[in-house]
Amino acid sequence: MMICSYNILTIDDDPTILDAYASILIPYQKTSLEDAVLQLEELHNIERSDIEPIEKSMNFKIYQANNGLSGIEIFLQKYKEGLTIPVCIVDMRMPNGIDGLETALRLKQIDPDVHIIIATAYSDRTNKEILDSLKNNTYYIRKPFNSEEIYQLVYSLSLSYYATKTIQQLNNDLELKIEEELEKNRQKDLLLFEQAKLAAMGEMIGNIAHQWRQPLNIISLLFQKVYFMHKNNSLDGEIIDSVQNQAMDTIAHMSQTIDDFRGHFEPNKEKVYYDLSSVINSTVTLLEPSFNLAGVSIEMSMQEGIRLYGFADDLKQVLLNILNNARDAIVSNKIADGKIILKTMLMSDAQEVFIKIDDNGGGISELNINKIFEPYFTTKHKSQGTGIGLYMSRRIVEERLNGTIAASSVNQNTSFGILFPITTSLKDTDGK
């Protein structure tokens, strides 16, 4: 049988009591005479005598002190050495120093989990006062005490103490493991977000190309006009002024396009007041050239005057992801009359805003509808998508907008709904 050994501190001003505790808790040691008698009994097949003690399953290492201050000093020293003392037996009345209650309170300041056994024949303190002061892990026994009761109590409390410490350590290890996993997830989310931004950047570069194609064509025609009129000697100052004005207007439009796109990749880091309709209009403006080229129309029905406070670029990112996915579905499924309908509305209590985006891009199967917000899930070919756009959209809506996002599909139509609270008064139109 495995023998466990635990440290015990006994504090009493009576040395005979300290010896009594030691005799109860320290394992019984047979004398050489007793060993000889037992050997004779075994040799002659004699019934075993009563001198063999009952085997105990735990050894206790006893530390002793004859006053409270000495006991605290021993306890603190062992604690600093990393040797825990799970149980302290403390006498209540100890002259020439602090009493048992004050001693126990100071022991608990060192180790709040220590079990205190108050042992006394007479006390100036009531049982209730002692227990109310020491609260948990406190036990009260009167002298003279029963040896077996002392042993069993110390035995049980020692096991309880180390069980508590083990659970605490497991909890600490679990908390550390959880924190490590959370940090891994945070790093993973940062990576996913960067991947989503890169994917969006690819979309934006394509949109810039579409946005600039027509202006570049206009500038090219203007240069050709000036060239041919110059060759025909029909170029005059009025024509030059007209061409210059058209060219400058076109270049200004191209410059504004750069500013609009740059705003998506240099988002505001501080919350601002913004108009919901303006944010949606600017987002759709960025996408319209490539959508028109793909034969996809965007219809909007927006409730005006909805002002919000937060990160407008977060909402733009969500809208870009959903709208681009809708366009890709329409193109992939070769829908002849591709259409996306975007609506905004206030809820009845005017405390929440709802954005609804519908498309006729072929729908989403019942098997996949519950998976579309999972990271890396996509029904597109690997060359067309990474499966992180909708995942990041959900994270943005839930964590940055404090809202919810859901999707549904009926027949050939898919619908996305975004619901989030209005974080400022609708009357606050001046942004104060």
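In this structure a side-chain-to-backbone donor-acceptor pair under 3.5 Å is missing from N232 to S234. Between the side chain of N333 and the main chain of G361, a donor-acceptor pair closer than 3.5 Å is present. In terms of modelled atom types and a separation under 3.5 Å, the side chain of D91 and the main chain of M94 share no donor-acceptor contact. With D111 contributing its side chain and D113 its backbone, the two residues share a donor-acceptor pair below 3.5 Å. In this structure, S409 contributes its side chain and N413 its backbone to a donor-acceptor pair below 3.5 Å. Under the 3.5 Å distance criterion, the side-chain polar atoms of D99 are matched with a main-chain donor or acceptor of E102. With hydrogens and angles disregarded, no donor-acceptor distance shorter than 3.5 Å links the side chain of E352 to the backbone of M347. Put simply, the side chain of T285 gets close to the backbone of N281: a donor and an acceptor are under 3.5 Å apart.
At a threshold of 4.0 Å, the pair E180-K184 does not count as salt-bridged, since none of the basic side-chain nitrogens sits closer than that to a carboxylate oxygen.
With contacts defined as side-chain heavy-atom distances shorter than 4.5 Å, the pair Y274/R307 does not qualify. By the 4.5 Å heavy-atom criterion applied to side chains, N137 and I116 are not counted as neighbours. Considering only heavy atoms from C-beta on, I240 stays 4.5 Å or farther from V226 through its side chain. Residues I340 and I357 are in side-chain contact: their nearest non-hydrogen atoms beyond the backbone lie under 4.5 Å apart. A 4.5 Å side-chain heavy-atom check between V90 and L107 finds at least one atom pair inside the cut-off. Residues Q412 and N360 fail the side-chain proximity criterion, which asks for heavy atoms closer than 4.5 Å. Two residues are said to be in side-chain contact when any heavy atoms from C-beta on lie closer than 4.5 Å; K165 and Q169 fail this criterion. The side-chain heavy atoms of I355 and L276, taken from C-beta on, include a pair separated by under 4.5 Å.
Put simply, OG on S332 and CG on N325 are 11.5 Å apart, with the number rounded to the nearest 0.5 Å. The distance from atom CD1 of I322 to atom CD1 of I405, rounded to the nearest 0.5 Å, is 4.0 Å. Q152 CD to L157 CG: the interatomic distance, rounded to the nearest 0.5 Å, is 11.0 Å. The line from CD of Q168 to CD of E175 is 10.5 Å long, rounded to the nearest 0.5 Å. Atom CG of L159 sits about 10.5 Å away from atom OG1 of T166, to the nearest 0.5 Å. For the atom pair I372 CD1 and F416 CZ, the distance stands at 4.0 Å (nearest 0.5 Å).
Considering all non-hydrogen atoms of both residues, L101 and M92 come closest at N-SD, 3.6 Å. Scanning both residues, S393 and N321, for their nearest heavy atoms gives OG-ND2, 3.0 Å. Pairing each heavy atom of Y151 with each of I24, the nearest pair is CD1-O, 3.7 Å. A104 approaches I118 most closely through the heavy-atom pair CB-CD1, 4.4 Å. The minimum heavy-atom distance linking N7 with T84 is given by the pair ND2-O, 3.1 Å. For N402 against P421, the heavy-atom pair with the smallest separation is O-CD, 3.3 Å.
E73 and Q77 share no donor-acceptor pair across their side chains, judged by distance under 3.5 Å alone.
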Before giving the answer on side chain to side chain contact (heavy atoms under 4.5 Å, CB included), spell out for F75 and I110 the whole-Å C-alpha distance, their side-chain angles and the decisive distance to 0.1 Å. CA-CA 8 Å; F75 190 86; I110 300 171; 3.7 Å; yes
Test side chain to side chain contact (heavy atoms under 4.5 Å, CB included) on I17 and T10; report intermediate values, then the result. CA-CA 9 Å; I17 298 297; T10 59; over 6 Å; no
Would K108 and T138 count as a side chain to side chain contact (heavy atoms under 4.5 Å, CB included) here? Give the steps. CA-CA 10 Å; K108 279 185 168 292; T138 304; 3.7 Å; yes
Intermediate values then yes/no, side chain to side chain contact (heavy atoms under 4.5 Å, CB included), L9 and K78: CA-CA 10 Å; L9 174 62; K78 296 305 173 185; over 6 Å; no
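No more than 12 heavy atoms of other residues, nucleotides or ligands lie within 6.0 Å of CD in E238, so this atom counts as exposed by the packing criterion. Atom CD of E366 sits in a sparse spot, with 12 or fewer heavy atoms from other residues, nucleotides or ligands closer than 6.0 Å. For D241, the CG atom sits in a packed shell: over 12 heavy atoms of surrounding residues, nucleotides or ligands are nearer than 6.0 Å.
Ring geometry for Y6 versus F60: interplanar angle of 30 to 60°, hence tilted.
Taking the six-membered ring wherever Trp is involved, the centroid distance between the rings of Y391 and F373 does not fall below 6.0 Å.
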